[in-house]
Amino acid sequence: MRWLGGRESDNVEDRRGSGGGGLLVGGGIGSVVIAVIVMLLGGDPTEVLNQSAPTQATSPADQQAEGEAASFTRKTLASTEDVWTKIFADQGSEYRKPTLVMFDQSTTSGCGTASEASGPFYCPADQKVYIDLSFYNELRDRFNVPGDFAMSYVIAHEIGHHVQKQLGIMDKVDQQRGQLSERDQNKLSVRLELQADFFAGVWANKAQGKTIELDKNDIESALTAANAIGDDRIQKETRGTVVPDAFTHGTSAQRVYWFSKGFKTGDINQGDTFNSREDANLQ
């Protein structure tokens, strides 16, 4: 992945070094969410949480790496701003840019306390994206997903939730949740997450050749990330079995399918994951 210009966004709130104490959307990658899945399936969640002791960068090399990660995050956010501003403008509306909050260990959000173990997430209450930059290390070391574009995909997915919020999709989903069983709520959550994957693909399509230059390996990196964080993969690794009714983010194959469709088409009108069942037979 190569930056073309590499503008950095100013819509970033840097809370690193000042730890602090709704619904967290898109945070299904973090250890807390994995631990909840383990608990619901009858496992011991402490086995997951104990693997996530917070660490702090202390060496000059670590500090440099974190600085590079922060710059990379700002560049990715700027790229999403450019893409979605144009898409919204082409449809006669205005894209309201979200704020991205960088923190370490813990911080407060409009959806409650965010921690290192939460994973990146979007909070619709304050319309901000939250990320502890140490997640990039977890993506590489724990999920074995190397490559810069995989990190961009994660940010673009959370921005996809912001797009859903602005389009009114997220509010409609929230209204329906109270009328549904837990099983049907989970199904609705899956469709919300898959659409965010689709929107991440749309961003990659539109950014290609403008703010970023991608090659085959970059796309494979994002697909590897999507595959690594599917509900089926996480359940199998933590429990040894797969329980589809407990899915909230979709299978690995579904996540790959919708990201790929967004990347290939670049057309937001083809991302109605709620009414489409194109991926119904994907396992």
Could you pull out every donor-acceptor pair under 3.5 Å between side chains of residues 88-101 and any protein atom, sequence neighbours left out?
residue: D90; atom: OD2; partner: K86; partner atom: NZ; Å: 3.0
residue: S93; atom: OG; partner: F88; partner atom: O; Å: 3.2

Item to check | Partners meeting side-chain hydrogen bond (donor to acceptor under 3.5 Å, both in side chains) with K128 (sequence neighbours left out) | outcome: E13

Checklist entry - Going through the checks in order, is the side chain to side chain contact (heavy atoms under 4.5 Å, CB included) test met by V173 and F274? => result CA-CA 10 Å; V173 168; F274 298 93; 3.7 Å; yes

Item to check | Under the side-chain hydrogen bond (donor to acceptor under 3.5 Å, both in side chains) test, residues paired with T273 that sit two or more places apart | outcome: none

Next on the checklist: Check this for me, if you would: do D82 and K210 make a salt bridge, where the nitrogen-to-carboxylate-oxygen distance has to be below 4.0 angstrom?
Outcome noted: no

Next on the checklist: Show, in sequence, the C-alpha distance, side-chain angles and deciding distance for D126 and Y122, and conclude whether the side-chain hydrogen bond (donor to acceptor under 3.5 Å, both in side chains) test is met.
Outcome noted: CA-CA 9 Å; D126 57 21; Y122 174 72; over 6 Å; no

Next on the checklist: Do the side chains of D174 and K165 get close enough for a salt bridge, i.e. N-O under 4.0 angstrom?
Outcome noted: no

Checklist entry - Taking the six-membered ring for Trp, are F263 and W203 ring centroids under 6.0 Å apart? => result no

Item to check | E213 and Q208: side chain donor to acceptor below 3.5 Å | outcome: no

Next on the checklist: Side chains of H162 and E158: any donor to acceptor distance under 3.5 Å?
Outcome noted: no

Next on the checklist: Quick check: do I159 and V129 have side-chain heavy atoms less than 4.5 Å from each other?
Outcome noted: yes

Checklist entry - Counting distance only, does the side-chain N/O of D148 pair as donor-acceptor with the main-chain N or O of M1 below 3.5 Å? => result no

Checklist entry - Taking only residues two or more places apart in sequence, or in another chain, which ones meet E8 in a side-chain hydrogen bond (donor to acceptor under 3.5 Å, both in side chains)? => result S71

Item to check | I268 CD1 to L167 CG distance, which is reported to the nearest 0.5 Å | outcome: 6.0 Å

Checklist entry - Among all residues two or more places apart in sequence or in another chain, which pass the side-chain hydrogen bond (donor to acceptor under 3.5 Å, both in side chains) test with S221? => result none

Checklist entry - In terms of ring plane angle, is the pair F198 and W258 parallel, tilted or perpendicular, where the classes change at 30° and 60°? => result perpendicular

Checklist entry - Roughly how far apart are F121 CZ and S109 OG, rounded to 0.5 Å? => result 4.0 Å

Next on the checklist: Are more than 12 heavy atoms, taken from residues, nucleotides or ligands other than D267, located less than 6.0 Å from that residue's CG atom?
Outcome noted: yes

Next on the checklist: Quick check for you: to the nearest 0.5 Å, what is the distance between T73 atom OG1 and E66 atom CD?
Outcome noted: 9.5 Å

Next on the checklist: When you measure from the side chain of Q270 to the backbone of K261, do you find a donor-acceptor pair of N or O atoms at a distance under 3.5 Å?
Outcome noted: no

Checklist entry - So which of H161, Q254, R255 actually passes side-chain hydrogen bond (donor to acceptor under 3.5 Å, both in side chains) with E193? => result H161

Checklist entry - Just one of V163, D197, I87 clears the side-chain contact (heavy atoms from CB on, under 4.5 Å) bar with V202, so which one? => result I87

Checklist entry - How far apart are the closest heavy atoms of Y130 and G110, and which atoms are they? => result OH-N, 3.9 Å

Next on the checklist: How long is the straight-line distance from OG1 of T80 back to NZ of K206, given to the nearest 0.5 Å?
Outcome noted: 15.0 Å

Checklist entry - Can you name the residues that form a side-chain contact (heavy atoms from CB on, under 4.5 Å) with A78, not counting sequence neighbours? => result R7, S9, E81

Next on the checklist: Between Q195 (side chain only) and Q164 (backbone N and O only), is there a donor and an acceptor less than 3.5 Å apart?
Outcome noted: no

Checklist entry - Can you tell me if Q185 uses its side chain to pair, donor with acceptor, with the backbone of R177 under 3.5 Å? => result yes

Checklist entry - Looking only at heavy atoms, which two atoms of V83 and A207 are closest? And how far apart? => result CG2-N, 3.8 Å

Next on the checklist: Can a donor-acceptor pair be found, under 3.5 Å and without considering hydrogens, that links the side chain of S79 to the backbone of K75?
Outcome noted: no

Next on the checklist: Using salt bridge (Lys or Arg N to Asp or Glu O under 4.0 Å), reason through D218 and R2 one step at a time and then give a plain yes or no.
Outcome noted: CA-CA 10 Å; D218 293 319; R2 187 168 69 88; over 6 Å; no

Next on the checklist: Rounded at 0.5 Å granularity, tell me how far CD1 in I212 sits from CZ in F149.
Outcome noted: 5.0 Å

Next on the checklist: Are T76 and W3 packed together at the side-chain level, in the sense that at least one heavy-atom pair is separated by less than 4.5 angstrom?
Outcome noted: yes

Next on the checklist: We want to know whether S106 and S115 form a side-chain donor-acceptor pair, criterion being a heavy-atom distance below 3.5 angstrom.
Outcome noted: no

